[in-house]
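Take a look at the structure below.
Indexing begins at 1, ligand by ligand and atom by atom, following the structure's order. Values below: all heavy atoms of this structure, side chains included; hydrogens, waters and symmetry mates excluded.
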Amino acid sequence: MAKSKFEYVRDFEADDTCLPHCWVVVRLDGRNFHRFAEKHSFIKPNDSRALHLMTKCAQTVMNELEDIVIAYGQSDEYSFVFKRKSNWFKRRASYVFYWRDYFEDQPLLYPPGFDGRVVVYPSNQTLKDYLSWRQADCHINNLYNTGTLAADKNEILFSEFNINYNNEPLMYRKGTVLIWQKVEEITTKEVKLPAEMEGKKMAVTRTRNVVVPLHCNIIGDAFWKEHPEILDEDS
Ligand code: DGT
Ligand code: MG
Ligand code: MG
Ligand code: MG
Ligand code: MG
């Protein structure tokens with residue numbers, strides 16, 4: 001392609017490629033969701049419609065970007081972890097597209113905005129600590145929002161409001177972890193050959209990688225021991 005006189009603007013693009021061999025985390029966070037939640041009558045402190053909508057969008061993102069090995073979401077944010085070898089990422093805003101599936105009677109009053117930031121983590125430990133940090137944030141905010149300002153919130157919740165924090169839904173307390181899992185898919189296929197079998201249907205199994213949501217602890221070793229493939233650098 002011939003160079004135009006406008007070509008010089010390309011030099012304005014900063015060379016800000018992420019440090020190679022590091023985990024790349026992209027965290028999207030709803031802009032001013034305090035207001036957005038209020039305007040759209042989100043249930044306090046947790047609205048399962050809103051959380052499911054976020055997760056649906058994050059699943060869509062993961063299905064489009066196979067380089068994401070794990071994602072973690074809570075409140076109005078989602079973090080996407082890109083493979084160490086990944087060379088690319090982009091943002092997707094499907095929140096508006098899926099709104100109606102989750103908020104049937106609540107019209108979307110204005111488009112939500114999300115800010116995005118990119119952080120690189122050089123080791124498995126720092127990445128695990130990052131995800132633990134976000135899950136701890138989920139826990140702290142929940143305890144705070146479900147209860148009061150006082151010191152022993154869990155105890156006060158129980159003795160005064162008869163709310164056992166541990167009985168609150170896991171999705172609220174733990175947030176949502178999205179990982180890839182292999183599933184066996186059975187489909188029927190029409191037999192083409194040989195001639196005497198023509199037209200007959202046959203069951204065919206194939207394994208597919210799908211994104212599944214979990215509401216488990218990612219703080220601590222158990223999760224990572226159970227899913228060693230996530231941080232496996234050769235995968
Ligand atoms: P920002 O991120 O600095 O633009 O401002 P905000 O307002 O988005 O603040 P942030 O991200 O620190 O906190 C998330 C807000 O979103 C918080 O005010 C509560 C609201 N929010 C998130 N999930 C829910 C929910 O399920 N129900 C309700 N009622 N509010 C929620
Ligand atoms: Mg924020
Ligand atoms: Mg926000
Ligand atoms: Mg904020
Ligand atoms: Mg937030």
Side-chain angles (χ1 to χ4, degrees), residues 23-62 68 70-82 89-121 127-150 153-154 156-157 161 163-178 211 213-219:
W23 296 106
V24 175
V25 175
V26 175
R27 182 168 80 246
L28 300 185
D29 181 283
R31 186 178 155 266
N32 201 358
F33 258 49
H34 180 74
R35 172 167 183 263
F36 188 80
E38 205 147 284
K39 291 274 180 206
H40 293 88
S41 312
F42 280 22
I43 294 157
K44 282 182 183 175
N46 289 294
D47 191 318
S48 69
R49 297 171 302 173
L51 298 171
H52 282 125
L53 173 57
M54 289 285 288
T55 291
K56 169 71 187 179
C57 298
Q59 268 176 311
T60 309
V61 171
M62 260 177 102
I68 299 171
I70 185 171
Y72 175 72
Q74 53 113 352
S75 182
D76 67 338
E77 66 169 61
Y78 245 98
S79 299
F80 299 94
V81 180
F82 288 75
F89 51 80
K90 57 183 170 186
R91 302 207 265 137
R92 271 287 142 79
S94 48
Y95 196 89
V96 173
F97 188 74
Y98 292 113
W99 176 267
R100 278 286 302 273
D101 294 350
Y102 296 88
F103 286 88
E104 288 158 16
D105 308 322
Q106 170 63 57
L108 183 60
L109 301 175
Y110 61 93
F114 291 84
D115 74 66
R117 64 191 69 189
V118 180
V119 191
V120 292
Y121 291 100
L127 175 69
K128 288 189 223 174
D129 288 347
Y130 167 79
L131 292 168
S132 297
W133 173 51
R134 297 325 300 152
Q135 190 165 56
D137 186 77
C138 175
H139 171 74
I140 291 162
N141 286 337
N142 258 295
L143 208 46
Y144 174 85
N145 292 330
T146 312
T148 75
L149 281 163
K153 291 157 192 160
N154 219 339
I156 286 166
L157 271 177
F161 301 100
I163 296 170
N164 189 341
Y165 178 69
N166 295 324
N167 291 340
E168 286 285 295
L170 270 178
M171 180 171 68
Y172 299 168
R173 288 186 286 131
K174 303 293 178 195
T176 303
V177 184
L178 295 177
V211 177
L214 306 173
H215 309 292
C216 59
N217 263 325
I218 46 175
I219 299 176

Checklist entry - Counting backbone and side chain alike, does Asp76 bring an N/O/S atom below 2.8 Å of the Mg ion (ligand 5)? => result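 Checking the Mg ion (ligand 5) against Asp76, an N, O or S atom does fall under 2.8 Å.
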
Among [options], which one has a heavy atom closest to [atom]?
| atom | options | answer |
| --- | --- | --- |
| atom 13 (O) of ligand 1 | Asn141, Ile43, Asp76, Leu51 | Asp76 |
| atom 26 (O) of ligand 1 | Asn32, Asp47, Asp29 | Asp47 |
| atom 24 (C) of ligand 1 | Pro45, Gly30, Gly113, Ser41 | Pro45 |

Item to check | Sub-3.5 Å N/O-N/O distance, Phe33 and ligand 1 | outcome: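 Yes.
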
Checklist entry - So is there a nitrogen or oxygen of His34 less than 3.5 Å from a nitrogen or oxygen in ligand 1? => result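 Such a contact does occur with ligand 1.
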
Next on the checklist: Under a 3.5 Å cutoff, is there a donor and acceptor pairing between the side chains of Tyr102 and Ser48?
Outcome noted: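 No pair is found: no donor N or O on one side chain lies under 3.5 Å from an acceptor on the other.
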
Checklist entry - Which atoms of ligand 1 are found less than 4.0 Å from any heavy atom of Asn46? => result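 So the answer, numbered in order with elements, is 26 (O).
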
Checklist entry - NE2 of His215 to OH of Tyr172: how many Å apart, nearest 0.5 Å? => result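 Here the rounded value is 10.5 Å.
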
Item to check | Charged N-O contact under 4.0 Å between Arg27 and Asp29 | outcome: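 No, this pair does not count.
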
Checklist entry - Only one of Thr176, Asn142, Asp137 forms a side-chain hydrogen bond (donor to acceptor under 3.5 Å, both in side chains) with Gln74, so which one is it? => result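 Among the candidates, only Asp137 passes.
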
Checklist entry - Name of the Asp29 N, O or S atom nearest the Mg ion (ligand 3)? => result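 Going through the N, O and S atoms of Asp29 one by one, OD1 ends up nearest to the Mg ion (ligand 3).
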
Checklist entry - Is the Mg ion (ligand 3) under 2.8 Å from any N, O or S atom of Gly30? => result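 Yes - counting backbone and side chain alike, Gly30 has an N, O or S atom under 2.8 Å.
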
Checklist entry - Does Leu53 offer a backbone N or O that forms a donor-acceptor pair with the side chain of Trp99 under 3.5 Å? => result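 Flag not set: sc Trp99 to bb Leu53 has no pair under 3.5 Å.
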
Next on the checklist: Any non-hydrogen side-chain atom of Tyr121 less than 4.5 Å from a side-chain atom of Val25?
Outcome noted: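 Yes; the side chains approach each other to less than 4.5 Å.
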
Next on the checklist: In this structure, is the centre-to-centre distance between the rings of Tyr110 and His40 below 6.0 Å?
Outcome noted: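 Ring centres of Tyr110 and His40 closer than 6.0 Å.
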
